[in-house]
Amino acid sequence: MSAEADKTKLVTYRQALNDTLRSEMSRDEKVILLGEEIGIFEGSYKITAGLLSEFGPERVRDTPIAEEGFVGAAIGAAMLGMRPVVEIMTLNFSLIAIDQIVNHAAKIYGMFGGQQSVPLVIRMPGGGGQQLAATHSQNLEVWYAHVPGLKVVAPSTPADAKALLLAAIRDDDPVIFLENLALYNTKGEVRPGDTPGEIGRAAVVKEGTDLSVITYSRATTIAVEVARQMAQEGISVEVVDLRSLRPLDRPTICASVRKTGRAVVLEDDWLSYGIGAEISATLMEGAFDYLDAPVRRVAAAEVPLPYAKPLERRALPDAVDLRRVILELLDDTSFRS
């Protein structure tokens with residue numbers, strides 16, 4: 001390989017997904033795409049741009065607006081040897097297909113005694129901040145992360161979007177692939193090649209010694225920025241990006257907090273019964289003796305997300321919220337100059 005070909009490229013999250021779908025469809029003719037307006041219109045968020053003209057309507061299939069129907073069809077195709085990648089226009093619309101996802105895709109392997117797998121990927125954009133109002137701006141990842149038989153990933157960077165989508169497409173189990181809308185235009189370095197990531201492996205994206213922030217998806221970008229700002233004030237914040245919500249990398253989470261002694265969980269979802277609650281319980285079981293203070297959580301306001309922009313912004317967690325809780329948790333008298 002030439003030095004030029006080995007160079008990383010700066011691409012958007014959107015482009016990383018598009019490039020990965022193209023490369024996997026070229027590599028394996030069993031990879032097919034199904035979803036609402038993914039062909040002629042090239043997808044609501046242009047993730048599938050150019051793929052219909054390149055691979056044709058047999059492999060890039062526009063579906064009716066009938067989530068239960070086309071997710072069910074994709075499950076059947078997966079059982080017959082194909083590797084479907086379904087795009088549901090928004091995570092919120094997956095509620096129409098939740099019976100197919102939870103009662104069929106997630107359970108077939110177990111109910112068939114391991115004789116039948118379902119190599120299916122369901123891609124779903126979600127999250128708030130786009131003024132799409134309460135029924136189109138939800139973070140329902142905890143619903144799917146709760147279900148045995150599913151794998152659930154939520155990459156925060158273009159590099160992880162590529163690596164985890166490669167892993168998801170090649171996995172023999174159904175994978176829920178969560179994409180926060182606010183990430184599509186973000187940019188990052190992506191390496192060439194087609195090495196899959198590891199589903200179930202968190203990443204320490206910034207080392208620190210005073211406190212750990214455990215987070216995922218869009219919230220990771222907030223945590224990293226706050227950690228960099230606070231480093232200039234002499235406060236060392238470690239950031240752990242979960243990347244995978246099921247399976248959950250409990251050892252990495254606990255190892256970070258055993259090192260720092262304090263933890264904040266940052267998430268875009270509602271506080272009650274959420275991912276943050278699961279992380280808090282994990283730390284009580286795996287790092288309790290190392291904690292110097294209670295685990296704190298920063299999450300969205302427990303309301304249907306408002307449409308009005310100022311109210312929407314206030315309902316979602318931001319850098320100011322995270323910074324305030326970090327300082328409270330550190331009991332910052334010894335950290336401020």
> So, Thr157 side chain and Asp160 main chain: donor-acceptor pair closer than 3.5 Å or not?
Replying inline: yes
> Glu267 and Thr215: side-chain donor and acceptor closer than 3.5 Å?
Replying inline: no
>> Please determine whether side-chain hydrogen bond (donor to acceptor under 3.5 Å, both in side chains) holds for the pair Glu238 and Ser256, giving the CA-CA distance in whole Å, both sets of side-chain angles, and the decisive distance to 0.1 Å.
In response: CA-CA 8 Å; Glu238 181 153 298; Ser256 175; 2.7 Å; yes
> Donor-acceptor pair, Arg59 side chain versus Val31 backbone, under 3.5 Å?
Replying inline: yes
> How about Glu29: does its CD atom have over 12 heavy atoms from other parts shown lying under 6.0 Å from it?
Replying inline: no
> Is Val102 reachable from Leu140 through a run of I, L, V, M, F, W or Y residues, each pair having side-chain heavy atoms under 4.5 Å apart?
Replying inline: yes
>> The test is side chain to side chain contact (heavy atoms under 4.5 Å, CB included); show your working for Asn92 and Thr135 and say whether it passes.
In response: CA-CA 7 Å; Asn92 309 274; Thr135 60; 5.8 Å; no
> Who passes side-chain hydrogen bond (donor to acceptor under 3.5 Å, both in side chains) against Ser217, sequence neighbours left out?
Replying inline: none
>> I'd like to know whether Tyr144 forms a side chain to side chain contact (heavy atoms under 4.5 Å, CB included) with Leu245, so could you lay out the CA-CA distance, the side-chain angles of the two residues, the decisive distance to 0.1 Å, and finally the verdict.
In response: CA-CA 9 Å; Tyr144 295 111; Leu245 305 180; over 6 Å; no
> Quick one: does Arg191's side chain have a donor or acceptor within less than 3.5 Å of a partner on Lys7's backbone?
Replying inline: no
> Would the number of heavy atoms belonging to other residues, nucleotides or ligands and lying under 6.0 Å from CG of Leu311 be above 12?
Replying inline: yes
>> With a sphere of 6.0 Å drawn around NZ of Lys107, does it hold more than 12 non-hydrogen atoms of other residues, nucleotides or ligands?
In response: yes
> What about Leu178 and Ile214, same hydrophobic cluster or not, with Ile/Leu/Val/Met/Phe/Trp/Tyr joined at side-chain heavy-atom distances under 4.5 Å?
Replying inline: yes
>> Tell me every residue that passes side-chain hydrogen bond (donor to acceptor under 3.5 Å, both in side chains) with Glu67, counting only those two or more places apart in sequence or in another chain.
In response: none
> Where the side chain of Asp62 meets the backbone of Ile40, is there a donor-acceptor pair that is under 3.5 Å apart?
Replying inline: yes
> Among pairs that include at least one residue of residues 89-137, which meet ring-ring contact (aromatic ring centres under 6.0 Å, His included), considering only residues two or more places apart or in two chains?
Replying inline: Phe93-His136
>> Show, in sequence, the C-alpha distance, side-chain angles and deciding distance for Tyr307 and Ser137, and conclude whether the side-chain hydrogen bond (donor to acceptor under 3.5 Å, both in side chains) test is met.
In response: CA-CA 9 Å; Tyr307 172 77; Ser137 302; over 6 Å; no
>> Going by the rule side chain to side chain contact (heavy atoms under 4.5 Å, CB included), which residues pair with Glu189 if we only count those two or more places apart in sequence or in a different chain?
In response: Thr8, Leu10
>> One thing to verify: whether Arg14 and Glu179 come together as a salt bridge, which I'm taking to mean a side-chain N less than 4.0 angstrom from a carboxylate O.
In response: no
> Is it true that a side-chain atom of Asn18 and a backbone atom of Ile47 form a donor plus acceptor pair closer than 3.5 Å?
Replying inline: yes
> Are side-chain N/O atoms of Ser156 and Tyr13 paired as donor and acceptor at under 3.5 Å?
Replying inline: no
>> By the ring-ring contact (aromatic ring centres under 6.0 Å, His included) test, which pairs, at least two apart or in different chains, include something from residues 159-207?
In response: Tyr45-Tyr184
> How long is the gap from CZ on Arg201 to CD1 on Ile199, to the nearest 0.5 Å?
Replying inline: 13.0 Å
> Is Glu24 salt-bridged to Arg170, going by a charged N under 4.0 Å from an acidic O?
Replying inline: yes
> With no hydrogens and no angle check, is any side-chain donor or acceptor of Trp270 less than 3.5 Å from a backbone partner on Val303?
Replying inline: yes
> Under the side chain to side chain contact (heavy atoms under 4.5 Å, CB included) test, which residues partner Ala73, sequence neighbours left out?
Replying inline: none
> For Glu58, what residues pass the salt bridge (Lys or Arg N to Asp or Glu O under 4.0 Å) criterion, not counting sequence neighbours?
Replying inline: Arg61
> How would you list, by chain and number, every residue that makes a side chain to side chain contact (heavy atoms under 4.5 Å, CB included) with Lys309, sequence neighbours excluded?
Replying inline: Gln131, Glu312, Arg313
> With distance as the sole test, does Arg83 use its side chain to make a donor-acceptor pair with the main-chain N or O of Asp171 at under 3.5 Å?
Replying inline: yes
>> Looking at Gln138 and Gly126, would you say the former's side chain and the latter's main chain have a donor-acceptor pair under 3.5 Å?
In response: no
>> Determine whether Arg323 and Asp318 satisfy the following criterion, salt bridge (charged side-chain N to carboxylate O under 4.0 Å, His left out), listing intermediate values before the conclusion.
In response: CA-CA 9 Å; Arg323 177 185 172 84; Asp318 60 16; over 6 Å; no
>> Taking atom CE as the centre, does Met111 end up with more than 12 heavy-atom neighbours from other residues, nucleotides or ligands that are less than 6.0 angstrom away?
In response: no
> If you look at every heavy atom in Ile275 and Ala145, which pair is closest and at what distance?
Replying inline: CD1-CB, 4.3 Å
>> With clusters defined by side-chain heavy atoms of hydrophobic residues (ILVMFWY) lying less than 4.5 Å apart, directly or transitively, does Val226 cluster with Leu330?
In response: yes
> Can you list the steps and then say if Lys9 with Val190 is a side chain to side chain contact (heavy atoms under 4.5 Å, CB included)?
Replying inline: CA-CA 5 Å; Lys9 293 193 299 183; Val190 174; 5.5 Å; no
> So, do Leu165 and Leu21 sit near enough that their side-chain heavy atoms are less than 4.5 Å apart?
Replying inline: yes
> Who passes side-chain hydrogen bond (donor to acceptor under 3.5 Å, both in side chains) against Glu225, sequence neighbours left out?
Replying inline: Gln229
>> What verdict does the side chain to side chain contact (heavy atoms under 4.5 Å, CB included) test give for Arg123 and Val85, after you've listed the backbone C-alpha separation in whole Å, the side-chain angles of each residue and the deciding distance to 0.1 Å?
In response: CA-CA 7 Å; Arg123 294 182 39 252; Val85 179; 3.9 Å; yes
>> As a quick check of understanding, evaluate side-chain hydrogen bond (donor to acceptor under 3.5 Å, both in side chains) for Thr48 and Glu87, giving each step before the final call.
In response: CA-CA 9 Å; Thr48 54; Glu87 177 178 315; 4.7 Å; no
> Is there a chain of hydrophobic side chains (I, L, V, M, F, W, Y, each step under 4.5 Å between heavy atoms) that links Ile253 to Val239?
Replying inline: no
>> Surrounding CZ of Arg314 (heavy atoms of other residues, nucleotides or ligands, distance under 6.0 Å), is the total greater than 12?
In response: no
> Do Ile176 and Ile101 come within less than 4.5 Å of each other through their side chains, counting heavy atoms only?
Replying inline: yes
>> If only side-chain N and O atoms count, and only distance matters, is there a donor-acceptor pair under 3.5 Å linking Thr220 with Asp241?
In response: yes
> Are Ser212 and Thr260 close enough that a side-chain donor and a side-chain acceptor fall under 3.5 Å?
Replying inline: yes
> For Thr282, which residues count as a side chain to side chain contact (heavy atoms under 4.5 Å, CB included) partner, sequence neighbours excluded?
Replying inline: Leu248, Arg250, Cys254, Glu278
Under 3.5 Å donor-acceptor pairs involving side-chain atoms of residues 288-295, not counting sequence neighbours:
none

> Can you check whether Arg218's main-chain N or O pairs, donor with acceptor, with Thr221's side chain at less than 3.5 Å?
Replying inline: yes
>> Any carboxylate oxygen within less than 4.0 angstrom of a Lys/Arg side-chain nitrogen, looking at Arg262 and Asp210?
In response: no
Validation: residues 49-57 side-chain donor-acceptor distances under 3.5 Å, sequence neighbours left out:
{"unit_1": "Ser53", "atom_1": "OG", "unit_2": "Gly50", "atom_2": "O", "d": "3.0"}
{"unit_1": "Glu54", "atom_1": "OE1", "unit_2": "Arg22", "atom_2": "NE", "d": "2.8"}

>> Testing the basics here: between Pro304 and Ala134, what is the closest heavy-atom pair and its distance to 0.1 Å?
In response: CB-CB, 3.7 Å
